[in-house]
*Asks:* 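Next up is a structure, given as structure tokens.
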Number of protein chains: 4
Amino acid sequence: MMKKREVQASVKDERLVQKRRDQMIKGAVTLFKQKGFHRTTTREIAKAAGFSIGTLYEYIRTKEDVLYLVCDSIYDHVSERLQQDLSLKSGTLASLKLGIANFFQVMDEMQAEVLVMYQEVKSLSKDALPYVLKKEMEMVAMFADLLTRCVENGELKLTEKQVDIIAHNIFVQGQMWGFRRWALRKLFTLEEYIALQTEILLSGISSEVSASQEVPQK
Amino acid sequence: MMKKREVQASVKDERLVQKRRDQMIKGAVTLFKQKGFHRTTTREIAKAAGFSIGTLYEYIRTKEDVLYLVCDSIYDHVSERLQQDLSLKSGTLASLKLGIANFFQVMDEMQAEVLVMYQEVKSLSKDALPYVLKKEMEMVAMFADLLTRCVENGELKLTEKQVDIIAHNIFVQGQMWGFRRWALRKLFTLEEYIALQTEILLSGISSEVSASQEVPQK
Amino acid sequence: MMKKREVQASVKDERLVQKRRDQMIKGAVTLFKQKGFHRTTTREIAKAAGFSIGTLYEYIRTKEDVLYLVCDSIYDHVSERLQQDLSLKSGTLASLKLGIANFFQVMDEMQAEVLVMYQEVKSLSKDALPYVLKKEMEMVAMFADLLTRCVENGELKLTEKQVDIIAHNIFVQGQMWGFRRWALRKLFTLEEYIALQTEILLSGISSEVSASQEVPQK
Amino acid sequence: MMKKREVQASVKDERLVQKRRDQMIKGAVTLFKQKGFHRTTTREIAKAAGFSIGTLYEYIRTKEDVLYLVCDSIYDHVSERLQQDLSLKSGTLASLKLGIANFFQVMDEMQAEVLVMYQEVKSLSKDALPYVLKKEMEMVAMFADLLTRCVENGELKLTEKQVDIIAHNIFVQGQMWGFRRWALRKLFTLEEYIALQTEILLSGISSEVSASQEVPQK
DNA sequence: GATGAATGAGCATTCATTCAT
DNA sequence: GATGAATGAATGCTCATTCAT
């Protein structure tokens with residue numbers, strides 16, 4: 001796990017800093033969702049967080065810090081959820097399916113946050129960007145690990161490269177649901193989407209027989 | 001095909017308008033790539049396009065018009081390329097593979113433009129956004145058509161829903177190469193990426209025997 | 001009569017200059033009425049006049065020239081109308097009444113133009129302003145002359161100062177009808193206004209008996 | 001009395017808002033006098049008021065707000081002065097004369113402000129204009145009241161319409177002194193002007209014998 | 001003589017950031 | 001620690017004027 005990039009605060013009391021930042025992040029996410037990072041003013045963030053503009057600047061140095069804090073917080077939430085699901089599973093096909101399903105579920109729940117993050121990361125300074133990108137790689141790596149364990153267990157037959165690309169695909173298809181929900185919702189429910197993607201993903205890969213009969217035919 | 005949303009120009013000469021807008025788009029893409037839409041000033045756009053700020057505003061009404069013009073131009077380029085590839089092909093597996101490969105190729109070539117577009121669309125007004133999103137759906141539909149023809153020819157066995165989701169997947173995996181090249185490049189060349197994705201896509205789907213022997217083993 | 005302040009034109013043909021300027025003034029008055037001088041652009045003036053912005057500048061040097069031309073033209077019209085009425089009349093009370101009535105009538109007809117002029121004169125340069133103000137004094141002087149002739153004829157008994165102030169009053173009350181028509185119209189018709197003002201003006205001044213029976217009692 | 005149209009301020013402290021706006025109005029009047037509303041920039045207003053452009057916008061929303069504030073303030077001053085004079089007087093001829101004299105005096109003192117207002121009101125938005133015009137009607141109404149009381153007391157013999165028109169005349173003659181001082185000053189002192197106008201006004205109207213002996217013969 | 005594309009100084013307004021209270 | 005008034009650089013956009021065709 002990486003060392004956190006520090007955002008400097010004037011206030012000393014660590015507990016207070018955390019509390020204020022949580023308020024700040026909560027307010028900022030709502031605003032960024034609505035209007036994006038650039039169209040949101042620091043005053044609005046302060047107001048949404050429930051304190052004055054002066055106080056806001058006691059806990060951050062620049063507006064960009066808020067974006068970083070938001071991105072960091074989102075990743076923490078998603079990572080945490082994933083870790084719970086993934087780390088404990090043995091390398092079985094069933095656990096893989098569950099992991100994927102849960103990931104898509106998280107992406108659905110945090111859709112707004114994830115959307116915000118992907119549209120605004122590029123606004124992060126050269127300083128913060130790599131940190132955030134590395135976080136993303138960590139999440140892809142979790143899926144790669146899961147797949148690798150399945151391969152080791154003989155449940156899947158994949159080359160290393162295939163493991164990598166499929167891990168990426170899972171991750172991207174999860175994001176896709178968050179990103180393109182406006183289009184996909186017209187075609188599928190989340191459950192259908194999960195079932196279809198899982199089936200396609202595994203159909204050519206698993207040692208099992210094709211699972212096509214599992215696809216819900218709405 | 002949709003009717004184009006018009007961007008109003010003060011200048012009457014249509015040929016000149018086209019020329020100046022091309023200069024403008026070219027300059028703007030470069031700048032948006034570097035700094036994003038919001039951090040780019042209209043003055044910078046004018047300068048990059050090779051004319052004065054006053055002249056810029058002879059060809060657009062607002063800064064957002066530039067973004068719209070950029071997005072529109074990107075879609076036109078990509079669509080055009082796709083149409084060439086896709087429309088002429090008969091519904092054979094070979095033609096599908098070619099179509100996918102070409103799409104990924106376009107995404108690689110236009111990576112910067114596509115990246116710009118995806119990070120900035122949300123900055124479009126409520127007026128322009130649906131137009132751009134519809135363009136995207138058109139492109140997904142091209143793949144869906146292609147797949148449907150393969151199904152009709154008996155080369156693939158897919159339900160309608162599967163056609164839809166796979167069309168989306170192809171599209172998103174193309175974008176993924178554009179978006180996440182920074183990560184993927186460390187793992188694959190474009191050719192490998194194309195080969196791997198194609199294989200995974202078709203392995204569980206086609207009526208043929210698994211095509212695993214085609215995967216390049218670098 | 002003053003020498004006209006010249007507005008320089010690039011075009012030589014005097015007849016053409018006059019024609020184009022008439023178009024220009026007509027268009028400009030309409031626009032100034034609607035939006036005032038400052039909110040009207042030279043492009044709009046050119047368009048309203050029926051030619052291009054380039055052509056506009058063949059006949060004037062600056063935007064302010066248009067305002068001067070407009071003001072000058074309005075004064076010419078009003079002066080001309082007044083001169084017809086006033087100069088020919090002998091110094092009788094009846095002729096005075098007629099003169100006043102006609103002036104108020106003109107002010108009613110040219111209300112828009114006069115309104116424009118009074119709200120925009122201050123925008124004239126230090127160069128043009130005195131010229132326009134002198135025009136105004138000339139018009140006041142016409143009334144003073146008329147009154148003086150009445151005094152000489154024994155129809156009125158007035159000191160010189162009284163002549164001056166009454167001339168001003170007549171002029172200002174005429175303008176008042178133009179300026180404050182929005183308020184006055186709710187109270188009086190033009191005819192009533194003329195009758196009332198005339199009566200008030202003359203009641204304390206003329207050698208006759210009070211003319212109160214002339215007041216229309218609507 | 002009308003409800004005030006509110007001009008929104010970001011600053012909360014009402015006392016400070018009033019103080020800053022007073023500074024602002026004072027600076028703005030000076031500038032508008034010199035160059036008119038349109039030729040005055042917001043930066044100049046801020047500077048004249050003694051603070052930065054940013055601070056200016058903490059107390060107004062748009063440049064037009066400054067104009068409105070100026071107009072409003074002028075009316076308040078004039079109204080206040082008038083109210084003191086007019087409201088307390090019984091309906092005697094002497095009090096009427098005093099009222100008129102005081103009004104002309106105010107117009108002389110506030111000449112610059114009044115001039116500014118009359119040349120710039122038309123620049124007010126459709127929102128603010130009616131408010132300002134109504135203020136004007138209120139002032140005319142004060143004179144009408146005064147005249148009516150004189151009629152009731154038998155000091156004047158006037159029809160209702162005559163009351164209305166004379167109230168308007170008084171008001172306009174007051175403004176005339178402010179507006180046309182450049183011309184009138186050559187002919188009269190303020191005192192002479194007041195005396196002459198009062199005499200003319202009352203000579204045909206009052207129940208007294210003509211007051212011509214009161215005219216100052218400078 | 002007429003046209004209209006090009007120019008760029010100028011302007012209103014915003015907003016991140018600071019700092020005295 | 002909290003507040004919010006003050007700041008002024010920065011920005012989108014306008015428009016009078018010019019000049020090559």
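Naming convention: chains lettered A, B, ... in sequence-line order (proteins, then strands); numbering from 1 in each chain. All values below come from the heavy atoms of this structure, side chains included, with hydrogens, waters and symmetry mates left out.
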*Asks:* I want to check one thing: is the phosphate of E:dT17, taken as OP1 and OP2, less than 4.0 Å away from some side-chain N or O of A:Arg61?
*Replies:* no
*Asks:* Return no unless some side-chain N or O of D:Thr55 is found under 4.0 Å from OP1 or OP2 of F:dA5.
*Replies:* no
*Asks:* Between A:Ile60 and C:Asp13, name the one whose nearest nucleotide on DNA chain E is closer to the 5' end.
*Replies:* C:Asp13
*Asks:* From the options E:dC15, E:dA6, F:dT3, select the nucleotide whose nearest atom is closest to the side chain of B:Leu16.
*Replies:* E:dA6
*Asks:* Once hydrogens and angles are ignored, does a donor-acceptor distance under 3.5 Å link the base of E:dG10 to the side chain of B:Arg43?
*Replies:* yes
*Asks:* Please determine, for the side chain of A:Glu58, which listed nucleotide (F:dG8, F:dA2, E:dG4) has the closest atom?
*Replies:* F:dA2
*Asks:* Paired with E:dT21 by Watson-Crick or G-U wobble geometry, both distances under 3.5 Å: which nucleotide is it?
*Replies:* F:dA2
*Asks:* Ignoring the backbone of B:Val11, work out which of E:dT13, E:dA5, E:dT17 is nearest its side chain.
*Replies:* E:dA5
*Asks:* What I want to check is whether the side chains of D:Gln18 and D:Arg21 have a donor and an acceptor closer together than 3.5 Å.
*Replies:* no
*Asks:* Quick check on E:dA2: is either OP1 or OP2 less than 4.0 Å from any side-chain nitrogen or oxygen of C:Arg20?
*Replies:* yes
*Asks:* Atom NZ of B:Lys35 to atom C1' of F:dT11: distance rounded to whole Å?
*Replies:* 12 Å
*Asks:* Looking at F:dC13, I'd like to know if its phosphate oxygens (OP1 or OP2) sit under 4.0 Å from a side-chain N or O belonging to B:Tyr57.
*Replies:* yes
*Asks:* OP1 or OP2 of F:dG12 less than 4.0 angstrom from a side-chain nitrogen or oxygen of B:Thr42, does that happen here?
*Replies:* yes
*Asks:* Between OG1 of D:Thr30 and NZ of D:Lys35, what distance do you get to the nearest 0.5 Å?
*Replies:* 12.0 Å
